[in-house]
Amino acid sequence: MEISKAELASAAAASSGAGNPTQELMGAEVLVKALQAEGVQYVWGYPGGAVLYIYDAFYKQDTIQHVLVRHEQAAVHAADGYARATGDVGVALVTSGPGLTNAVTGIATAYMDSIPMVIISGQVPTAAIGLDAFQECDTVGITRPIVKHNFLVKDPKDLAMTMKKAFHIARSGRPGPVVVDVPKDVSFKKTPYAGYPDKVEMRSYNPVRKGHGGQIRKALQLLLNAKRPYIYTGGGVLLGNACNELRTLVDMLGYPVTNTLMGLGAYPASDRKFLGMLGMHGTIEANNAMQNCDVLLAVGARFDDRVIGNPKHFAQNERKIIHIDIDPSSISKRVKVDIPIVGDVKDVLTELISMIRESTTKPDAGALADWWKTIEAWRSRDCLKYDRGNKDVIKPQYVVETLWNMTKDADAYITSDVGQHQMWAAQYYRFDEPRRWINSGGLGTMGVGIPYAMGIKLAKPDSEVFTITGEGSVQMCIQELSTCLQYNTPIKICSLNNRYLGMVRQWQEIEYSGRYSHSYMDALPNFVKLAEAYGHVGMLIERPQDVEPALREARKLKDRTVFMDFRTDPTENVFPMVKAGMGITEMLLGAEDL
Ligand SMILES: Cc1cc2nc3c(=O)[nH]c(=O)nc-3n(C[C@H](O)[C@H](O)[C@H](O)COP(=O)(O)OP(=O)(O)OC[C@H]3O[C@@H](n4cnc5c(N)ncnc54)[C@H](O)[C@@H]3O)c2cc1C
Ligand SMILES: Cc1ncc(C[n+]2csc(CCOP(=O)(O)OP(=O)(O)O)c2C)c(N)n1
Ligand SMILES: [Mg+2]
């Protein structure tokens, strides 16, 4: 269903109650009006008894498209993928009890990566709460540790303001998922409705946007006097839409820059100043620069354990750390910082840039040239080299690299699942633009790949959307192939099928002396036939020379979902790798280091 801008504007005006005297509406109708007023275009969901009034209200409107998924986990992932690609709040709707418990993994996934979402859940009628009613669960209790906030709405008159607050909380400050739990009687009862609130005020919630001027000035002095500066950026730059500011800053200073897994695309990967991803599977140059810099500017990144490795090893080298983050609780959580700047990355970088412009101090060109020389020596070790020319077996890196070569100038989005394939996607697909790389970093949730892709494809029908997955992960939400057909969201699935839970096998090989306990994927389905059974195209690719033609053919099938089953080298491991408990510069670079 195409929704025109005019229709949306008129729906928003009608929902805001402009020119409308107070009317009596059912709670479910207020809820739908709230979504319309928030400009929501898509809701992913699955019905059940507790939400039937809400589904009835959806039936009576035509500006919001509801997408019926096949499992509630996928509803949340699809809305989450949509939010990651567009920057808008993603919305999912689930019923009480098992609907909500199925959604929990999706909610936790969004929470760990700070994704703005509103999840509406049905609840048993208020009078039945606490009585072990049919399909009752304590939604507020279950979701409390995995949401930015949650609400149980007890009276329909509170619905409009609760929705306003939910959207505000989800998208402001450090974004995150908000659950609104709506008992069945609240969606059924009528309430006076005078329009959707224009403003929201919460005494206890006022996220800071502007950074402290004095702190930014101190940061400026440190940065301009640095001998070995380094800029470490993360998902916060994407969430705060500050990629242009980051580019300006790096261009002005000429300093080396790295991204976390969640920050890829925040700075163009093809620029020489980019050292690649850092961390457990980061490049030598990115990790060595992190360890050896004298001034570190951390921007919207949270010093994850996969990034700093063993904290004792990280602390061995002295460096001054400046940390820009909107969430004060992120600061000095894992690593003590010298200059904290609490604020929105866009505001803070804008101020920092204007201070640099006005400053008479300039970066120390001589020291910087020496630092770049050291970095280039690290880079020359070419730690991402692999057996490119192998004619016998498909190297997984080759599939990703070929896809990147073919689509680097196209309007393409890449989602991934979790495992070795995810790391190869991060290492070998060079993201130059923000919000093109969509994956689960914090929770590391297998199964996100297909739902993420279908959420994005709905919002971006003219873009190409690829999922890089593994034969293990893809089976965790494979049922969504059915949703892809129903809603005509043709995606291209590149399954790097190594017949192993590869990342688990890799750890067992390296850390557990090769005792491969339950990491081999036997009795796999015939993925080609499976794709066909779902009404899609399936392809089996077994030889390296068939990789490029297969991708080319799949891309030509613009209107079809294509499942490419690439049989890849089952023994391949992800390198570089920092083993558990090691420092970030103590990397394994290949099989010879094992
Ligand atoms: C198999 C596997 C392997 C992995 N290996 C690696 C690896 O090698 N390297 C790696 O980097 N990661 C790796 N990860 C991912 C890792 O677990 C973390 O998810 C990731 O490092 C966190 O990235 P981040 O620091 O950018 O934080 P994010 O989770 O993106 O957090 C963003 C930060 O920015 C802040 N923020 C949000 N909005 C704003 C704003 N507007 N202004 C200012 N600040 C804001 C937030 O408060 C938060 O502190 C791996 C994950 C998996 C599943
Ligand atoms: C839901 C879930 N369960 C278990 C894990 C642990 N885990 C991480 S990677 C991985 C193997 C993934 O296998 P596959 O999808 O085939 O990818 P590969 O590593 O082989 O590329 C597992 C089991 C997880 N991340 N998520
Ligand atoms: Mg696998």
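One-based numbering, in listed order, for ligands and for the atoms of each. Side-chain atoms are counted along with the backbone in the values below, which use heavy atoms only and exclude waters and symmetry mates.
Close approach of ligand 2 to Met476 is summarised as follows: ligand atoms under 4.0 Å from at least one heavy atom of the residue are 1 (C). Close approach of ligand 2 to Gly502 (heavy-atom distance below 4.0 Å) involves ligand atoms 13 (O), 18 (P), 19 (O), 20 (O). Close approach to Leu239 involves these atoms of ligand 1, each under 4.0 Å from a residue heavy atom: 37 (C), 38 (N). Taking every heavy atom of Gly279 and a limit of under 4.0 angstrom, the matching atoms of ligand 1 come to 8 (O), 9 (N). Atoms of ligand 2 found under 4.0 Å from any heavy atom of Glu471 (numbered from 1 in listed order, with element): 16 (O).
Tyr429 and Trp424 have their aromatic ring centers separated by at least 6.0 angstrom. For Phe303 and His323, the gap between ring centers is short of 6.0 Å. Separation of the Tyr428 and Tyr386 ring centroids falls under the 6.0 Å cut-off.
Selection from Ala298, Gly300, Gly176 by nearest heavy atom to atom 34 (O) of ligand 1 gives Gly300. For atom 16 (O) of ligand 2, the nearest non-hydrogen atom from the set Pro570, Cys477, Gly472 belongs to Gly472. Remark: among candidates Ile331, Asp325, Asp417, the nearest residue to atom 46 (C) of ligand 1 is Asp325, based on non-hydrogen atoms. Here the shortest heavy-atom distance to atom 16 (C) of ligand 1, taken over Val307, Asp347, Asp304, belongs to Asp304. With distances taken over non-hydrogen atoms, the option nearest atom 6 (C) of ligand 2 out of Met446, Gln475, Gln506 is Met446. Comparing heavy-atom distances from atom 36 (N) of ligand 1 across Ser114, Gly240, Gly442, Gly236 singles out Gly236 as nearest. The nearest non-hydrogen atom to atom 53 (C) of ligand 1, considering only Met577, Arg174, His421, Gln422, comes from Gln422. Looking at Arg306, Lys333, Met112, it is Arg306 that brings a heavy atom closest to atom 1 (C) of ligand 1.
Taking any N or O of Gly444, backbone or side chain, at least one lies under 3.5 Å from an N or O belonging to ligand 2. Not one N or O of Thr445 is nearer than 3.5 Å to an N or O of ligand 2, by distance alone. Residue-to-ligand polar distances keep Gly419 apart from ligand 2: every N/O pair is separated by 3.5 Å or more.
When hydrogens are left out, the protein atom nearest atom 8 (C) of ligand 2 is Val418 CG1, 4.1 Å; that is the closest non-hydrogen contact. At the top of the distance list for atom 17 (O) of ligand 2, counting protein heavy atoms only, stands His421 ND1, 3.1 Å.
Contacts of Asn498 with ligand 2, taken as heavy-atom pairs under 4.0 Å, involve the side chain alone. Under 4.0 angstrom from ligand 1, the non-hydrogen atoms of Ser330 all belong to its side chain.
In this structure, Tyr205 places its OH atom where more than 12 heavy-atom neighbours from other residues, nucleotides or ligands lie under 6.0 Å away. Within a 6.0 Å radius of NE2 in His212, other residues, nucleotides and ligands contribute 12 heavy atoms or fewer.
Angle OE2(Glu471) to the Mg ion (ligand 3) to O(Tyr500): 70° [nearest 10 degrees].
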After noting the C-alpha distance and the side-chain angles of Arg319 and Asn292, does the key distance pass the side chain to side chain donor-acceptor pair (under 3.5 Å) rule? CA-CA 8 Å; Arg319 57 178 100 56; Asn292 293 291; over 6 Å; no
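Residue Pro177 forms a side-chain contact (heavy atoms from CB on, under 4.5 Å) with just one option from Ile119, Ile146, Ile169, and that option is Ile119.
In this structure, Leu496 does not count as a contact residue of ligand 2, since none of its heavy atoms falls inside 4.0 Å of the ligand. Put simply, part of Gly343 is less than 4.0 Å from ligand 1, judged by heavy atoms.
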